[in-house]
**Student:** 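The structure that follows is given in the form of structure tokens.
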Number of protein chains: 2
Amino acid sequence: MSVRLPSVEEIRDAAARIAPYAVLTPVLRNASLDALIGAQMYFKCENLQRGGAFKFRGACNAVWSLTDEEARCGVVTHSSGNHGNALAMAAATRGIAAHVVVPEGAVRAKLEAIERAGAVLHRCAPTIAAREAKAAEVQQATGAVMVHPYADTRVMAGQGTLVLELLRQSEGLDAIVTPIGGGGLMAGCAIAAHGITPAIAMYGAEPSGAADAAQSLAHGARIEHFTPDTICDGLRALIGASNLDALREHRVEVITVSDEETIAAMKLLWQTLKLVVEVSSATVFAAVLKQRERFAGRRVGLVLTGGNVDVDALPW
Amino acid sequence: MSVRLPSVEEIRDAAARIAPYAVLTPVLRNASLDALIGAQMYFKCENLQRGGAFKFRGACNAVWSLTDEEARCGVVTHSSGNHGNALAMAAATRGIAAHVVVPEGAVRAKLEAIERAGAVLHRCAPTIAAREAKAAEVQQATGAVMVHPYADTRVMAGQGTLVLELLRQSEGLDAIVTPIGGGGLMAGCAIAAHGITPAIAMYGAEPSGAADAAQSLAHGARIEHFTPDTICDGLRALIGASNLDALREHRVEVITVSDEETIAAMKLLWQTLKLVVEVSSATVFAAVLKQRERFAGRRVGLVLTGGNVDVDALPW
């Protein structure tokens, strides 16, 4: 499935389109963490985004990009959590239906949030093939428009809007680090960042148990069969083909981190930054902690992607 | 012990004095929580203050109010945690010694932070009398200047600076809610708020197991003997005499909340606002949740006082 990558102009259009609905999330700094790394870090707090994750940006842009005729039967997606919730909330802003296909085993707190947002849940087996098959079935039955979590031009454009904000909220960033799951966030962010400041270095943080992007870049070909094994429930997706092209084009370096490193980073963010961030989000800080010497002396933007955590079941 | 209350001019001076060292903390809003209460809430995030609590403001103002001669032998205080940490950090900004008397049973994470900040710890029994006796002993032995956690004009002035910021960061607040422990925060905040906007209603949130301020106001006389029984470790202090005068003068209404209500509010803040706030801080939101009809339709500032939590020992 090849999907056109958005232009920086489309990302700017997305920013205008979602502005009435999305939160302009704050950027936090922390002197203790800066001292620990020897860098100046700018934490872009997408855990404070509507729905508790950056995903609202892409979903909202997709929903409001539809014509009235297209929007009539609603939207459908498959998602382990945050994108489903985001699409449900975005659909509600337009008063249209949302159908969300969710794999068995998804985080309970996330499923409850999707239902509260008014979506219809459709359950399926926890494999990528089962998710796509079920979504296609729902799409045929309802006439809803598919909004893929990451292999979608409008979604990528929406995610990229956070970098437009981050660049305005910081000064002279040298590098930006985002997690890599399906790669939609990284693609949107890299296009936005390089459309404005071509010299910014882009880093992706990927769980070592779902390092398909790192391996695909290393082998020169996209890995297509892959069983993720990571606690990072938001990063188990296989990277999209076009998204991988975007990573290559924008010279994204991927840093892999173990779940242990990510959990330690998550705990440190909670203790020091005083933010509730979910485990997938903590990969970015785990990557910076792991390769401290690489980031020392630089101005680094870290995208904290979400804060949807089951606070009754913390990973430490 | 009667202590002069600060003027709003002294609070403005304090703001200028601490500006080079303190964080201008953000004010967060949240659509879901607003909908739940039917109010417009402005959360002043002092958990994001240096040291993870508003206490840095008062301690920093006290430390930098000293003449060089006064500052020579350092500062001393007694504190169950956040004020001790704040004084240690404030002393470090001036390069002077800090002695902190801590009761047995204080939160481990807070004691570790005080030591990391470079203070000398002095342990004592967990009673108010033992704390004051030990602090007097250290003061005599070292020549350090006493900086009381709340019965101190400079400390109250420093705490009040957060309201100067909050009023600039919000629009037309009708009410402000802060927790009440020793009452230094509330006194400083009430003086600052009414110095600028006399019509703002001030509410104090107090644990029902440490409701000495509520009882003192109800009985018309300050309760002087009292054994606190609450999980809110930051709010176990007996209200200062002058602080109680300030509460009367500024027509502060005290809302008492049970520990169960506070823990539920804390969990909701973590889940929805995505902030790590400590249990004492959650009393303000517990009070608003409990008396929702009182706050509905109003613009309410809530002071989230701190975020120093042992994330390995959450209260739910």
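Atoms considered below: every heavy atom in the structure, side chains included; atoms not considered: hydrogens, waters and symmetry mates. Residue numbers begin at 1 in each chain, while the letters A, B, ... track the order of the sequences. The shown structure was predicted, so the numbers you read here are calculated from the model rather than taken from an experiment.
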**Student:** Just by distance, which donor-acceptor pairs between chain A and chain B come in under 3.5 Å?
**Tutor:**
| unit_1 | atom_1 | unit_2 | atom_2 | d |
| --- | --- | --- | --- | --- |
| A:K267 | NZ | B:D312 | OD1 | 2.8 |
| A:K267 | NZ | B:D312 | OD2 | 2.9 |
| A:K274 | O | B:V276 | N | 3.0 |
| A:K274 | NZ | B:G307 | O | 3.0 |
| A:K274 | NZ | B:N308 | OD1 | 2.7 |
| A:V276 | N | B:K274 | O | 3.0 |
| A:G307 | O | B:K274 | NZ | 3.0 |
| A:N308 | OD1 | B:K274 | NZ | 2.7 |
| A:V311 | O | B:W316 | NE1 | 2.9 |
| A:D312 | OD1 | B:K267 | NZ | 2.9 |
| A:D312 | OD2 | B:K267 | NZ | 3.0 |
| A:W316 | NE1 | B:V311 | O | 2.9 |

**Student:** Could you tell me which portion of A:L273 (side chain, backbone, both or neither) has an atom closer than 4.5 angstrom to a non-hydrogen atom of chain B?
**Tutor:** backbone
**Student:** Counting C-beta onward and ignoring hydrogens, is there a side-chain heavy-atom pair between A:L28 and B:L48 closer than 4.5 Å?
**Tutor:** yes
**Student:** Kindly indicate whether the side chain of B:L275, heavy atoms from C-beta on, has any atom under 4.5 Å from the side chain of A:L275.
**Tutor:** yes
**Student:** Holding to ring-ring contact (aromatic ring centres under 6.0 Å, His included), I want the full list of residues that pass it with A:F43, two or more places apart in sequence or in another chain.
**Tutor:**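 None.
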**Student:** So which of B:V311, B:L314, B:V309 has the largest heavy-atom pair count under 4.5 angstrom toward chain A?
**Tutor:**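 Max contact count across the listed options: B:V311.
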